[in-house]
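Everything numeric in this text was worked out from a predicted model, so none of it was measured. In the text below, chain A, chain B and the rest are named by the order of the sequence lines, each starting its count at 1.
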Amino acid sequence: MNPSLLDDLNPEQREAVTLPDVSALILAGAGSGKTRVLTTRIAWLVQSGRVSPRGLLAVTFTNKAAREMLTRLSAMLPIDTRGLWIGTFHGLCNRLLRAHHREAALPQSFQILDTQDQLAVVKRVMKSLGIDDEKYPPRQAQWFINSAKDGGLRPSAVDPADEFERRMLAVYEAYDAQCQREGVVDFAELLLRCFELLSRNEILREHYRMRFRHILVDEFQDTNKLQYAWLRLLAGSANCAFAVGDDDQSVYRFRGAEPGNMRDFERDFGASHVIKLEQNYRSHGNILDAANALIARNQARLGKNLWTAEGRGERLRVFEAPSDIAEAAYIVDEIRALRADGIASHEIALLYRSNAQSRVLEHALFNAGLAYRVYGGLRFFERQEIKHALAYLRLVANPEDDGALLRVINFPTRGIGARSLEQLQEAARIRGTSLWLSACSDPPSGKAGASIGAFVHLIEGLRNSVQGMSLAETVEAVVDASGLKDHYQTERDGAERNENLGELVNAAAGFNAEQLYDPAAPDGGVVDLSDPMAALNAFLAHAALEAGDYQAGAGEDALQLMTVHSAKGLEFHSVFISGLEEGLFPHENSLNADDGLEEERRLMYVALTRARRRLYLTFAQSRMLHGQVRYNIASRFLHEVPPELLERVNTPPPRAFGSMPFGASQTARPAAPSMSQSASGWRVGQNVIHPKFGAGVIVNAEGRGADARVQVNFRNAGLKWLALEYARLTAA
DNA sequence: TACCTCCACGTTTTT
DNA sequence: CGTGGAGGTA
């Protein structure tokens, strides 16, 4: 065995990497070398001959993480990484379902619906059921369906609690039936269908259990119920599961993650070892101490304390701005100074709790002429023009895909209006067929029928001509023949869209079989891209499963703007955490949810631990939000960091009774009160007395007239929103 | 069918 | 404030 593999590991890392054939849980703190342990573990297992590469299954949540693992692995091991079963939950399930599509009752070329596509199907189904979408919002139906699937529940297993849920359930049922008819699956369905396939089909289950002796899972704290069950099913009782995660970085409960899975893992997987990785290689001591002190306030923890061999470093810099604009101006100044000190832009991150906060920052950066990149916008494969082109391609692969047909049958416009579409849908409904078949066999008569006939002819023509083409040629043919290119040529902002269509052709040309599998070969050969249909299907799946990663400007040296959520897993030399205000971070909406505050605190923990060397914590006394000026007080998280680790970099404005730091008790505000506030006789910053809650100070106000509410920070009772009409407030 | 205006809404997000 | 969706009008 190559000993150098283990050379630079610390004792705990080494222990984790070299565990024998057992199940184990690795509690890996932020910056403790989690990915390294995972990949080195794989390399060690292979190199020591404990398992062959084909006997491994490694699961991640994002394509980026999967790619990273493959890249590092190919540097460590002289093996062909093609055909390795390393990927996202969805990617691996897709792979299994393609290989066993018959057993899973799916067409070979089943298509994958992204979130938008799914919502469109939900809307369509609700319409056909005649359900009032005012009373039953399609988005909620979508959420209902996905939550059920993430919990492993088919419609028959859902027990509706009330009339609302009964209607939602009816939508779920009809939705599933519709997807089945069209041969399409949504993201959650990929997992659920795969889970059901393996639980019902003993032969397949045993086959894969025999094969995957070692199962490795990244970001285990983010797994949901279904993913957990899927892992248990594959692991059986004989295989080894190696789960790496950090309960303190669990920030996705809102989308179904069950951090309790970490607690249950030991029992359910018979884990014989729990190893904690607590040495942090990323941050200086003050930053880590701040993060540790903060997260220690959470009750529900498995328990872990990060330490570093590095020095204390700088203290955390706290800046209190009078307004969001002043906050942004300060950040710009500091960025200039950092750049002058030789820190590259891409090593500087601006983090915020919610996307809306990026606007003010962007404005300031733009005016300062600083290059920046905002993460989390519209992704390449989600753009309108790309979705249109993909819809044509989907029809080429499978014309019975109603969603794809509806998207483009009249785009670009070809005289197929709402009424002829309705006729078509009605005919299809009566005969129980797809729209395509209905359009082929009995198109509406007259002019509309001719238009539909022309569309059918167009798709048929494409389906034929594609047979002899490469993937890139196919995409190009579709972009041309569909009329998309011509359409965008005439549209005023169409130039960029046409550029993107060109990019799509490039993406197809650069699409290679490296990480692909052959649907026909259960054990995962490489896709034969010379088979046009196989190549097209692989490309479409790729587009659905990997919507991002074609971001413009990637790789340029630019400042990194993103939400704290998107920053998870990344690190930077310098980090600004902005908008550290009550109501924003922690977000007010989270305070009602159970465990809400603890999740916000974990989020703050993630934010703090992104920084290697320098950390700025900034907040603003006033901020424009939803078109109204809001007056916020400093985030409680600032008080949860020991004061000796902090350094105030500006002198805060004078305070009326300000013994506490960061304006925990309130003062008159510099900003002028709005008309309604002064007209109502109250103003922000005013000291008041409430008969029940006692003395406090108005910190925020919204609404007017009968709706007027004020937020009061009571000395003893804390923050409260009070309706002015009812609350018996008196001036102090 | 295309454009325009009005209204409602406004954490976090990957696949 | 800003956007996106819906509904109405030319």
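Annotation: B:dT13 and C:dG4 have their P atoms spaced 16 Å apart (nearest Å). Taking atom C1' in both C:dG5 and B:dT12, the straight-line distance is 23 Å, to the nearest Å.
Minimum heavy-atom separation, A:Arg124 to A:Gln425: CD-NE2, 4.0 Å. Heavy atoms only, all atoms of each residue included: A:Thr563 and A:Ser354 are closest at CG2-C, 4.4 Å. Looking at every heavy atom in both residues, A:Asn94 comes nearest to A:Ala541 through ND2-CB, 3.9 Å. Considering all non-hydrogen atoms of both residues, A:Leu421 and A:Ile416 come closest at CG-CG2, 4.4 Å.
Side-chain nitrogen and oxygen atoms of A:Arg379 include none within less than 4.0 Å of the OP1 or OP2 phosphate oxygen of B:dT13. Contact check, A:Asn63 against B:dT15: a side-chain N or O comes under 4.0 Å of OP1 or OP2.
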Considering only nitrogen or oxygen atoms on both sides, find all protein atoms under 3.5 Å from nucleotides 5-11 of chain B and state each distance.
from	atom 1	to	atom 2	distance (Å)
B:dG10	N3	A:His626	ND1	3.3
B:dT11	O4'	A:His587	NE2	3.4

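Set against C:dC1, B:dT15, B:dT13, the side chain of A:His565 has B:dT13 as its closest nucleotide. Nearest nucleotide to the A:Thr88 side chain, out of B:dT15, B:dT13, C:dA6: B:dT15. For A:Lys123, the side-chain atoms get nearest to C:dA6 when compared with the rest of C:dA6, C:dG2, B:dT13.
As rounded to whole Å, 21 Å separates atom P of B:dT13 from atom CG of A:Asp186. Regarding A:Glu219, its CD atom lies at a distance of 13 Å from the C1' atom of B:dT13, rounded to whole Å. Distance NE2 (A:His90) to C1' (B:dT13): 12 Å, rounded to an integer number of Å. A:Tyr252 has its OH atom 6 Å from the P atom of B:dT14, to the nearest Å. Per the geometry, NZ belonging to A:Lys568 stands 11 Å off P belonging to B:dT14, to the nearest Å. Counting to the nearest Å, the P atom of B:dT13 and the CG atom of A:Asp114 are 17 Å from each other. The CG atom of A:Asn224 sits 18 Å away from the P atom of B:dT13 (whole-angstrom rounding). Spacing between atom CG of A:Asp150 and atom P of B:dT15 amounts to 15 Å, rounded to whole angstrom units.
In this structure, B:dT11 shows a glycosidic angle within 90 degrees of zero, which is the syn conformation.
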Evaluation steps, side chain to side chain contact (heavy atoms under 4.5 Å, CB included), between A:Gln118 and A:Asp114: CA-CA 6 Å; A:Gln118 185 189 33; A:Asp114 70 12; over 6 Å; no

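Heavy atoms from other residues, nucleotides or ligands lying under 6.0 Å from NZ of A:Lys225 number 12 at most.
Each salt bridge (charged side-chain N to carboxylate O under 4.0 Å, His left out) pair with one or both residues in residues 595-604 of chain A, not counting sequence neighbours, appears once here: A:Arg253-A:Asp595, A:Arg353-A:Glu600, A:Asp595-A:Arg602, A:Glu599-A:Arg602, A:Arg601-A:Glu640.
Along DNA chain B, the nucleotide nearest to A:Glu599 and the one nearest to A:Thr62 differ in position, and the one closer to the 5' end is contacted by A:Glu599. Both A:Phe89 and A:Thr413 sit near DNA chain B, but only A:Thr413 has its closest nucleotide nearer the 5' end.
For the pair A:Arg301 and A:Asp248, the salt-bridge criterion is met [side-chain N within less than 4.0 Å of a carboxylate O].
Residue-level contact check: A:Asn410 touches the backbone only, with heavy atoms under 4.0 Å from sugar-phosphate atoms and none from bases.
The base of B:dT15 sits within donor-acceptor range of the side chain of A:Thr115, with an N or O pair under 3.5 Å.
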